[in-house]
Amino acid sequence: MAASRAPLTRDSLRVKIIVQKVRLAGTEYRVIRPARPLRNGALYKTHSHYEMYVDRPDGRRIGALWLLAARSPRSLVYLPMRTAPTAPGVGWEDEKPLDLVLAPRTVQLRPSRWKRIRERLNVGNAPHELRTASVPERDLPDLKADCIIPDNPKAANDFLLRKDVYAETLLLTGGTAAFREGAKEIFAVTKDGPPHAATEYHLPGSCNYHVCRPIYDWDLDTPKMCNWEQLHVEFCPQWAR
C-alpha cells in the first residue's frame, strides 16, 4: 500500500496526507487528500479548457498525489482547489474555480454521489488519519519521453481519462497509466519552471519565462475537433503564502 508506515527511502516521493472513510448508499469510500491546504495550486474551467496553475512546491505535491492515485486502486484522491488564492492572470475568461478528484475505475464512483461524499468528509468531527505517503520515483515516467499509447485496445484503455464535472468538481476516472502520465506533465512543469532569479519577471500567460504542458487532450476520445477540451497545467511563481 502506497500510504504506509514503511521506512521512506531516498528515491521516494513523499507527501503528507489525510485518509478518511465515508459510507454512502451501502458503499464505503476511502478518500485521500493533502494534509495541508493547497495555497499555490488552483484549477479553473474556462469556456473550452481546464487550466491548472502550480508553483514548484505545491506542483510537486499535486504530482505526487497523481502518482498515489495510480498506486491506490481502491481510493479516491481529493484535491480541494476551489479555496486556493486566485492565481495570477486569472479573470479574463470568466474562469470558474474547481476542486479535483482522481478516481480509479475500480472504485466505480458515480459522479452524482460526490457532493454527498464531500459533505461528510468536511464535517468538523469527521474521523481522519494523518499519514506520510511514499511513492517510488520509478513510478514517474521519463519527463522527456513522449506518451506512446499501445495498439492493444485493452492496454490503451489504461491511458484514457473520463471527465465529469459535478458539484464544482472535475472528476477524472482512469487507470494507472493515465494518472502516471498526468503526473509526468505536472512534474515537468515544476522542473522546467523559471529559476528563482527570474520569477520577478514572470508574466502569466505570456512567452516571458512561460512554462506549460497539456496533461490530457479529450480529442483522443472524440472524433470531432469541435468537442475538443484539454486539461492544461501552467507554472506560476509562488503567489500566496
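Criterion: ILVMFWY side-chain heavy atoms under 4.5 Å apart, direct or through other members. Under it, V189 and L231 are part of a common hydrophobic cluster. Cluster annotation: F179 and V31 are assigned to distinct hydrophobic clusters (Ile/Leu/Val/Met/Phe/Trp/Tyr, side-chain heavy-atom contacts under 4.5 Å, transitive). Y78 and V54 are members of different hydrophobic clusters when ILVMFWY side chains are connected at heavy-atom separations under 4.5 Å. Note: the hydrophobic cluster containing L102 also contains V19 (ILVMFWY, side chain heavy atoms under 4.5 Å, direct or indirect links). Linking Ile, Leu, Val, Met, Phe, Trp and Tyr residues whenever their side-chain heavy atoms come within less than 4.5 Å leaves L100 and Y166 in two separate clusters.
For D139, the salt bridge (Lys or Arg N to Asp or Glu O under 4.0 Å) partners two or more places apart in sequence, or in a different chain, are R71, R180. Qualifying ring pair (Phe, Tyr, Trp, His ring centres under 6.0 Å) partners for H232, counting only residues two or more places apart in sequence or in other chains: none.
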Would L67 and L140 satisfy side chain to side chain contact (heavy atoms under 4.5 Å, CB included), going step by step from the backbone distance to the final call?
CA-CA 7 Å; L67 290 176; L140 183 64; 4.2 Å; yes
Take V15 and T132 through the side chain to side chain contact (heavy atoms under 4.5 Å, CB included) test and state the conclusion after the steps.
CA-CA 6 Å; V15 58; T132 296; over 6 Å; no
Stepwise, does the side-chain hydrogen bond (donor to acceptor under 3.5 Å, both in side chains) test hold for Q238 with R241?
CA-CA 8 Å; Q238 184 184 64; R241 297 184 185 277; 2.7 Å; yes
Applying salt bridge (charged side-chain N to carboxylate O under 4.0 Å, His left out), run through K96 and D94 and close with a yes or a no.
CA-CA 6 Å; K96 307 295 184 187; D94 191 30; 3.3 Å; yes
Should R118 and T169 be marked as a side-chain hydrogen bond (donor to acceptor under 3.5 Å, both in side chains) after you check the CA-CA gap, both sets of side-chain angles, and the distance that decides it?
CA-CA 10 Å; R118 184 176 62 195; T169 303; 3.0 Å; yes
Take R113 and Y29, measure what side-chain hydrogen bond (donor to acceptor under 3.5 Å, both in side chains) needs, and give me the verdict at the end.
CA-CA 11 Å; R113 290 186 175 180; Y29 296 94; 2.8 Å; yes
Decide yes or no on side chain to side chain contact (heavy atoms under 4.5 Å, CB included) for M81 and M52, but give the supporting numbers first.
CA-CA 10 Å; M81 305 178 83; M52 184 187 297; 4.2 Å; yes
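Using a 4.0 Å cut-off between charged side-chain N and carboxylate O, E181 and K184 make a salt bridge. A salt bridge links E129 with R131: the distance from a Lys NZ or Arg NE/NH1/NH2 to an Asp or Glu carboxylate oxygen falls below 4.0 Å. One finds a salt bridge joining K163 and E229 here, because a Lys/Arg side-chain nitrogen approaches an Asp/Glu carboxylate oxygen to under 4.0 Å. Look at K45 and E95 and you find no salt bridge, because none of the NZ, NE, NH1 or NH2 atoms lies under 4.0 Å from a carboxylate O. Note on D55 versus R39: no salt bridge recorded, every NZ/NE/NH1/NH2 to OD/OE distance being 4.0 Å or above.
Using modelled atom types, one side-chain atom of T46 and one backbone atom of H49 make a donor-acceptor pair closer than 3.5 Å. Using a distance-only test at 3.5 Å, with no hydrogens or angles considered, no donor-acceptor pair links the side chain of W66 to the main chain of R61.
I32 has its side chain within reach of R30: a pair of non-hydrogen atoms, C-beta onward, lies under 4.5 Å apart. You'll find the side chain of E28 stays beyond 4.5 Å of the side chain of V22, heavy atoms only. Put simply, the side chain of Y53 reaches to within 4.5 Å of the side chain of W239, judged on heavy atoms. Between L76 and W114 there is a side-chain heavy-atom pair separated by less than 4.5 Å. Looking at heavy atoms from C-beta onward, P237 lies out of side-chain contact with P88 at the 4.5 angstrom threshold. L171 is not listed as a side-chain neighbour of R162, based on a closest heavy-atom distance of 4.5 Å or more. Residues L121 and R33 meet the side-chain proximity criterion, which asks for heavy atoms closer than 4.5 Å.
Residues A87 and Y44 share a closest heavy-atom pair of N-OH, 3.1 Å. Taking both residues in full, the closest heavy atoms of F187 and A64 are given as CE1-N, 3.6 Å, listed atom of the first, atom of the second, then distance. When all heavy atoms of Q230 and P214 are compared, the pair lying nearest together is NE2-CB, 3.4 Å.
Tested against E185 for a salt bridge (charged side-chain N to carboxylate O under 4.0 Å, His left out), the candidates R213, K144, K191 yield a single pass: R213. With L79 as the partner, the side chain to side chain contact (heavy atoms under 4.5 Å, CB included) test is satisfied by one option alone out of D99, L38, V101: L38.
Heavy-atom contacts from other residues, nucleotides or ligands closer than 6.0 Å to CG of D151 number 12 or fewer. No more than 12 heavy atoms of other residues, nucleotides or ligands shown are found within 6.0 angstrom of CZ on R110. A 6.0 Å sphere centred on CZ of R60 holds no more than 12 heavy atoms belonging to other residues, nucleotides or ligands.
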